Amino acid sequence: MSELAAQQNLKPTVLSRAEHPISRRLLSPNTLKVLYRLHRAGFLAYLVGGAVRDLLLGRTPKDFDVGTNARPQQVRQLFRNARIIGRRFRIARVQFGEEVIEVSTFRRSPVVEEPNGEEATDALAPEAASDDEYGTPEEDAFRRDFTVNGLFYNIADFTVIDYAGGLADLERRVIRSIGPAGERFLEDPVRMMRAVEYAVRLGFSLEPETALAIREHFREIRRASAARLAYELTESLKSGHAAGIFRGLWEFGLLLEVLPFLAGYDAKQQELLFRLLALADRVQTEKSLGEEALLALLVWPWLAKPLSEAAEGSLPWGQLEAEIKSRVGEMAQLLSFSHYRGHLLRYGFLYFARLHHEPRSPRKAARMVRHEAFPVAMDLLTVQAAADRQAARLLARWRDIRARVEAGQPPLARQAPSGRFPRRRRARP
Ligand code: ATP
Ligand code: MG
């Protein structure tokens, strides 16, 4: 998009510190530390991306990203707690305990790098990107995905700098591609999913040309790597807006391209899926659910019947297991789950069904609680309990058992609150 910037020769809109609501108090102390150290060393230091957008909207940013003209190696020399990641575009991750600030050098290339784990770390390796891949702040703004994500906050003078029209689009509450939407989506199809996610999360609408381009190009989402698709889906599931985002992704055709098995759901199963996602969103406001349980919700409608039949005792466990294995396996393959993640999902479902029975002995109860998939099963039960009082009692009972096991006490000292542990439970929410 650097040509675009040059062609249009756009002058940025600059808001002085009195003209916008961002103040240093709203940034995390570590972010300020990073910005100031870069600034004092003579580099440009901007807060970039979603944090600027969120602060201008009066929202709390999820994380803080920094943009600079310092090269990754220079960033690393300034911060002993920095690690360099990425093969082609190197990003310095500055770690402060739990908090990580990502510092990226301004660049011009709009192409997004595949996630590569973090194995490309090496302090002595030569710079990965050639010099002409780095760019000016203006070029960096134009390689970003949406106008509202292209805003900068400059620590040198506390101004907000807008090259791509993000301020006006924040006012209008629209998600608009930077540059021609079709081109930007072909360049990186994952942006189509991101557009829908931002619109739902922020309560914005999609600018018509951007929406039209998704309708035209949604099939291209198949070209995205499984790792990036899995990442976007997981982030959406965790967002607290999963029901809305998945509905949007479904309506644009994106979801069925990514997870074709969802097309096999009949009307009831579809309804169940969105009900589960809405329940998860509700639970998510108080307690966060694990990624495995959230992903499991996507195949739950396939398994609702066998799960409740197994819980009632009318389906043999072996058959339930086979059913779970085949449904989870399909999703695991589409999204390239690790072996371990697949294992957690399978056992999560199985243990979820088992939670509906009184454990046969204290020893068995303790073994269940210690199983690595037990938290997944408890998360599934938590979702079910959000709409089902019997499941809520069961959940309380298992929390009690878990607490006892963790405290080294006999797990079954107290009976279920209803006097007797409920033997028969439907697994449907
Ligand atoms: P969140 O609140 O989810 O963190 P975010 O906007 O900060 O939202 P990130 O995924 O953290 O999103 O990315 C940070 C910034 O990097 C974005 O705001 C955007 O400017 C840019 N960006 C991220 N992914 C892409 C992409 N695929 N194409 C172009 N720019 C991108
Ligand atoms: Mg971010």
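No experiment lies behind these values; they were computed from the predicted model shown. First listed ligand is number 1; within each ligand, the first listed atom is number 1. Values reported hereafter were calculated over all heavy atoms of this structure, with side chains retained and with hydrogens, waters and symmetry mates removed.
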_Nearest-neighbour protein heavy atom for atom 19 (C) of ligand 1, which is reported as residue plus atom name and distance_ = Asp145 OD1, 3.4 Å
*asked:* Minimum distance, heavy atoms only, to atom 12 (O) of ligand 1: which one of Tyr198, Phe142, Tyr231 is it?
replied: Tyr198
*Measure the distance from atom 15 (C) of ligand 1 to every protein heavy atom, then report the residue, atom name and distance (to 0.1 Å) of the closest one.*
Arg144 NH1, 3.6 Å
_Please determine whether a side-chain nitrogen of the Lys or Arg among Lys62 and Glu235 lies less than 4.0 Å from a carboxylate oxygen of the Asp or Glu._
yes
*Shortest reach to atom 1 (P) of ligand 1 by a heavy atom, considering only Met193, Glu235, Arg201*: Arg201
*For Asn154 and Phe158, indicate whether the former's side chain and the latter's backbone hold a donor-acceptor pair under 3.5 Å.*
no
_Protein contact of atom 28 (N) of ligand 1 - nearest heavy atom, named by residue and atom, plus distance_ = Arg191 NE, 2.8 Å
*Is there a donor-acceptor contact under 3.5 Å from the side chain of Asn69 to the main chain of Leu44?*
yes
*Arg354 to Trp317, cation-pi by 6.0 Å centre distance and 45° axis angle*: yes
*asked:* Which atom name would you report as the N, O or S atom of Asp63 nearest the Mg ion (ligand 2)?
replied: OD1
*Please confirm whether the backbone N or O of Ile161 pairs with a side-chain atom of Thr159, one donor and one acceptor, at under 3.5 Å?*
no
*If you count the atoms of ligand 1 from 1 in the order shown, which ones are under 4.0 Å from a heavy atom of Arg228?*
27 (N)
*For atom 26 (C) of ligand 1, which protein heavy atom lies nearest, and how many Å away is it?*
Val112 CG2, 3.5 Å
*Is any side-chain heavy atom of Phe246 less than 4.5 Å from a side-chain heavy atom of Leu298?*
yes
*Is there a donor in the side chain of Tyr198 and an acceptor in the side chain of Asn149, or the other way round, less than 3.5 Å apart?*
yes
_Counting only heavy atoms closer than 4.0 Å, does ligand 1 sit against the backbone of Asp65, its side chain, both, or neither?_
side chain
*Which residue supplies the protein heavy atom nearest to atom 23 (C) of ligand 1, what is that atom called, and how far is it?*
Arg194 NH2, 3.0 Å
*Please work out which of the three classes, parallel, tilted or perpendicular, describes the rings of His343 and Tyr347, given edges at 30° and 60°.*
tilted
_Between ligand 1 and Arg184, is the shortest N or O to N or O distance under 3.5 Å?_
no
